[in-house]
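In what follows, a structure is listed as structure tokens, so that the remarks can point back to it.
From a predicted model like this one, the values you see are computed outputs, not experimental measurements.
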Amino acid sequence: MTSDEANQEMQTITAAIDDIFLKRKTSLNQRGLYQNTWKLVTQRKAQELYDTVAATIRKHTTRICKGVSQQTDETFLKGLLHVWDDFSRCLRKIKDILLYLDESFVERNSTHEEKKKSVYENGVCIFKEEVLFAVKSRLQRLTLEIILKERENEIIADKFLMKDLTSMMTEIDGDLVYKNIFENEFLRQSHIYYQRESQKYFEASTAVNYLTKVKIRLEEEQERARRCLDKTTLPKIEKVVHEEMIDRYKELVVKKEGSGVLVMLQNQKEDELRLVYEVLGLVEGALDPTIQMLKEYCINEGMATVNDPKKDNNPEELITDMITLRQYYEDLLLHSFSYSNKGHRIRDKNFSKAVREAFDTTVNKNNRFSEYLSLLLDKKLKKGKNQIEDEQSDEFFDKVIMIFRHVQDKDVFERYYKTHLAKRLLSGRSASDDSEKSFLSKLKTSFGYQYTSKLEGMFKDMKVSEDLNSEWNDYQKKIVGGGTAMGQTSTTTQTTTQSTVQFDFDMSVQVLTRVYWPVSKVGTIDMPERQINDAMHVFEQFYVDKHQGRTITWQYNMGTADIRANGFSKQYEFNVSTYQMAILLLFNGEDNTTLTFQQIAEQLKIPPVDLKRNLFTLCMPAEKGKSASKLLLKKFDSDEKKFNKNTMFRANDKFKSQKIKLKILPVVKKEDDDEQKQTKSKIDEERKWVMDAVIVRIMKMRRKMHHRSLILEVTEQLQNRFMPPPDSVKKRIESLIEREYIQREGRSTYLYRA
């Protein structure tokens with residue numbers, strides 16, 4: 001092909017391009033133009049053709065740009081869109097004509113590092129450079145004005161216009177056009193806009209109104225982005241709102257005077273707290289001040305309860321208030337600080353952790369919490385006006401377990417609960433075996449079998465004692481000649497027996513396994529009635545004959561007795577403790593017998609602490625508020641009104657009560673200082689045994705351990721019962737070394753000695 005022929009073919013193609021842009025009819029059809037292109041490419045005129053086509057397109061974009069620039073602001077955006085639509089249609093026609101140029105020349109001259117633009121792509125690039133860059137300031141200003149006016153509620157943006165404009169910019173060049181001309185400036189101005197608005201609105205509104213405004217603004221921006229902008233802009237404009245309206249105010253919202261999170265907590269505004277969680281939760285870390293505020297407020301509320309001196313005198317009220325408070329925060333977490341997952345509300349783990357740590361702190365600040373919790377359970381589980389109804393027990397136990405989880409020294413609770421449970425079982429005052437066992441079941445589920453094994457053993461002993469008492473009754477009938485009535489007075493003590501002669505009372509016995517029950521060393525007391533001592537000896541003989549090798553230790557402090565009194569205007573029946581029975585029998589002889597505290601102690605040999613407690617109960621009205629219902633009358637030898645060795649006691653000959661049967665058992669109440677010291681001493685001693693057992697078990701399994709590793713493993717295994725101080729563990733290790741259970745190797749390694 002000669003140069004003139006090539007120029008002729010080139011002119012034919014450029015003329016066709018002119019006709020396309022100017023919308024004129026061309027004399028050649030698409031097939032003919034395709035052949036012209038083929039000829040030029042095959043004759044090595046491809047680069048020249050490529051450049052000529054680009055120049056022709058550029059010529060028309062210059063004309064197009066001039067026309068667009070002459071548009072008014074009202075018609076500019078629509079005019080630009082119209083021009084782009086027309087231009088892109090023209091480019092598609094040109095691309096079809098020059099298809100062979102793209103397939104042969106463009107593809108062959110493209111590499112992985114640098115891709116040569118196709119005819120269409122090159123035309124779009126020319127439009128970008130010649131048209132859009134020329135009007136970019138105006139395009140930017142007018143599009144952002146539309147968004148600003150919509151934010152100010154002056155207009156509602158034409159979603160079709162804005163979407164077409166952003167689509168045009170994205171199609172032409174997402175980075176150089178959409179981002180540089182529109183998105184970057186849009187985000188910058190949005191930062192400024194929301195920075196100013198948030199500052200102005202926050203100062204003039206409450207925290208709730210501000211958060212509501214933030215939520216509305218965020219929803220507006222999300223809706224606008226989906227309706228008008230490219231999908232990549234949505235998370236970016238969300239971030240702008242998050243940073244300017246949420247992150248900047250995350251602490252100020254919490255502390256805002258008169259309406260912040262603290263006020264919401266004080267006024268129990270669960271819905272408002274929910275709004276705080278939903279809005280601040282959109283920004284990572286923005287909820288941290290709220291979490292800290294919740295924790296501090298929860299601690300303050302808990303401390304106000306556990307440190308209230310009035311509640312210390314009413315331990316059941318203290319525990320009830322703490323359970324109520326814990327339940328309130330559990331409900332608050334579910335209502336205000338939770339998220340939805342598959343249709344279920346899940347409490348936020350960070351807020352749950354804050355509440356858990358707060359109650360861990362407050363519950364363990366009161367070193368008598370375990371005792372008070374056991375007292376509350378005792379009140380609900382024993383017979384009386386305060387006993388829990390069966391249909392309410394399950395919910396109540398769940399709440400108790402919830403608060404009990406925060407108790408660090410769970411072995412302390414076990415000690416008190418075991419003592420109170422023993423009194424309920426042995427005195428027959430447990431309201432319901434089902435309720436008792438239901439609570440044990442929940443304890444076992446939550447804290448394991450080992451924690452409840454001894455408590456369950458107590459119930460086993462009670463069942464075994466039922467069978468034993470049946471055999472004991474048969475034994476008594478045989479030794480008295482068979483079937484003779486046992487008298488009119490019924491006595492129920494920790495153990496009961498009968499002598500080789502007929503007794504004037506009935507007796508039943510509960511035989512307790514020492515490791516299960518809270519037994520203590522109790523000396524032998526001298527019963528005023530010889531028949532009782534004889535009966536005890538007979539039972540001992542009966543039991544030892546039945547169980548060779550076993551011995552019996554009488555626990556006088558754990559028994560009860562039913563005494564029928566005939567010396568008053570009416571015949572009364574008193575349910576008393578074994579100690580109280582012994583005391584009353586001292587006054588069962590001569591009229592007006594008067595004994596001092598010291599005389600009673602010397603005759604009965606009851607431990608002073610137990611004697612004082614039982615005498616105190618006997619001197620209290622059996623019927624509340626009626627002084628005539630006191631069994632014993634006391635007379636102090638000084639104005640201090642306190643028991644001492646010279647305090648005098650005598651029977652109340654004028655005893656009167658509307659009730660025939662009265663319970664005068666010592667009240668189960670919180671321990672005094674001396675009793676608390678004794679309990680603590682016993683618990684400390686038990687902990688030594690437990691730590692010894694755990695250390696030996698670990699060393700037997702590991703054979704050799706480093707000091708630090710042993711301390712950590714012992715702590716890990718014991719933390720569900722109590723938190724052993726490292727120094728205490730160290731002392732137990734030294735004790736085991738002295739007793740040759742383990743030996744030291746070097747300075748910090750231990751070996752197990754088989």
Side-chain angles (χ1 to χ4, degrees), residues 418-419 421-430 433 436 454 456-480 482-564 573-582 585 604 606 610 663 665-666:
K418 188 190 296 183
T419 299
L421 174 61
K423 291 179 180 179
R424 290 197 300 276
L425 294 179
L426 297 176
S427 64
R429 298 191 68 187
S430 181
D433 280 352
E436 296 278 8
K454 293 180 180 179
E456 290 176 326
M458 295 168 70
F459 284 93
K460 293 177 183 177
D461 280 352
M462 294 300 294
K463 181 66 176 69
V464 171
S465 292
E466 287 183 15
D467 299 334
L468 181 66
N469 274 302
S470 178
E471 296 178 23
W472 163 237
N473 289 332
D474 293 340
Y475 179 78
Q476 291 179 90
K477 293 176 182 178
K478 291 178 183 179
I479 63 174
V480 297
T484 306
M486 300 302 296
Q488 297 179 339
T489 303
S490 172
T491 306
T492 305
T493 64
Q494 162 54 24
T495 53
T496 313
T497 186
Q498 201 163 7
S499 69
T500 56
V501 296
Q502 184 175 350
F503 300 113
D504 295 331
F505 51 82
D506 294 333
M507 269 185 136
S508 62
V509 182
Q510 284 81 40
V511 179
L512 314 179
T513 305
R514 179 179 295 274
V515 295
Y516 295 157
W517 296 77
V519 297
S520 57
K521 293 182 179 179
V522 179
T524 301
I525 68 172
D526 293 334
M527 288 290 180
E529 293 286 344
R530 181 180 175 182
Q531 284 193 43
I532 298 176
N533 291 318
D534 292 341
M536 291 165 60
H537 293 311
V538 173
F539 180 82
E540 287 181 18
Q541 186 62 47
F542 158 75
Y543 189 78
V544 171
D545 289 345
K546 183 176 177 61
H547 301 284
Q548 296 292 329
R550 295 188 184 181
T551 58
I552 288 179
T553 302
W554 299 94
Q555 296 288 312
Y556 302 98
N557 61 321
M558 299 172 74
T560 61
D562 291 331
I563 297 179
R564 187 168 296 164
E573 191 172 306
F574 305 126
N575 180 236
V576 296
S577 69
T578 304
Y579 283 152
Q580 288 174 332
M581 176 191 70
L585 289 175
L604 298 179
I606 296 175
D610 291 324
K663 290 184 182 293
L665 293 167

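For the atom pair Met558 CE and Thr578 OG1, the distance stands at 10.5 Å (nearest 0.5 Å). To the nearest 0.5 Å, atom CG of residue Leu468 and atom CZ of residue Phe542 are 5.0 Å apart. One distance of note links CZ of Arg424 with CZ of Arg429; it measures 10.5 Å at 0.5 Å rounding. In this structure, CD on Glu529 lies 9.0 Å from CE on Met581, to the nearest 0.5 angstrom. The CZ atom of Phe574 sits 11.0 Å away from atom CD of Gln580, with the distance rounded to the nearest 0.5 Å. Here CZ of Phe505 is found 5.5 Å from CD1 of Ile532. Values are rounded to the nearest 0.5 Å.
Using a 30° and 60° split on the angle between ring planes, Trp472 and Phe539 fall in the perpendicular class, above 60°.
Checked against side-chain hydrogen bond (donor to acceptor under 3.5 Å, both in side chains), Ser470 has no partners two or more places apart in sequence or in another chain. With sequence neighbours left out, Asn575 forms a side-chain hydrogen bond (donor to acceptor under 3.5 Å, both in side chains) with Asp562.
A donor-acceptor pair under 3.5 Å links the side-chain atoms of Ser465 to the main chain of Val511, judged by distance alone.
The two residues Ala582 and Pro528 have their closest heavy-atom pair at O-CG, 3.4 Å. Across every non-hydrogen atom of Lys418 and Trp517, the tightest pair is CD-C, 3.9 Å.
By the 4.5 Å heavy-atom criterion applied to side chains, Leu604 and Tyr579 are not counted as neighbours. Between Tyr543 and Val509 the shortest side-chain heavy-atom distance does not fall below 4.5 Å. Looking only at side-chain heavy atoms (C-beta outward), Leu426 and Met462 come within less than 4.5 Å of each other. Thr553 has its side chain within reach of Arg514: a pair of non-hydrogen atoms, C-beta onward, lies under 4.5 Å apart. The side-chain heavy atoms of Val538 and Tyr475, taken from C-beta on, include a pair separated by under 4.5 Å. Contact of the Leu425 side chain with the Asp461 side chain is not registered, since no non-hydrogen atoms from C-beta on lie closer than 4.5 Å.
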(request) Could you please spell out the steps behind the side chain to side chain contact (heavy atoms under 4.5 Å, CB included) verdict for Leu512 and Met458? (result) CA-CA 8 Å; Leu512 314 179; Met458 295 168 70; over 6 Å; no

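For residues 541-552, every residue pair satisfying the salt bridge (Lys or Arg N to Asp or Glu O under 4.0 Å) rule, not counting sequence neighbours, is listed here: Glu471-Lys546.
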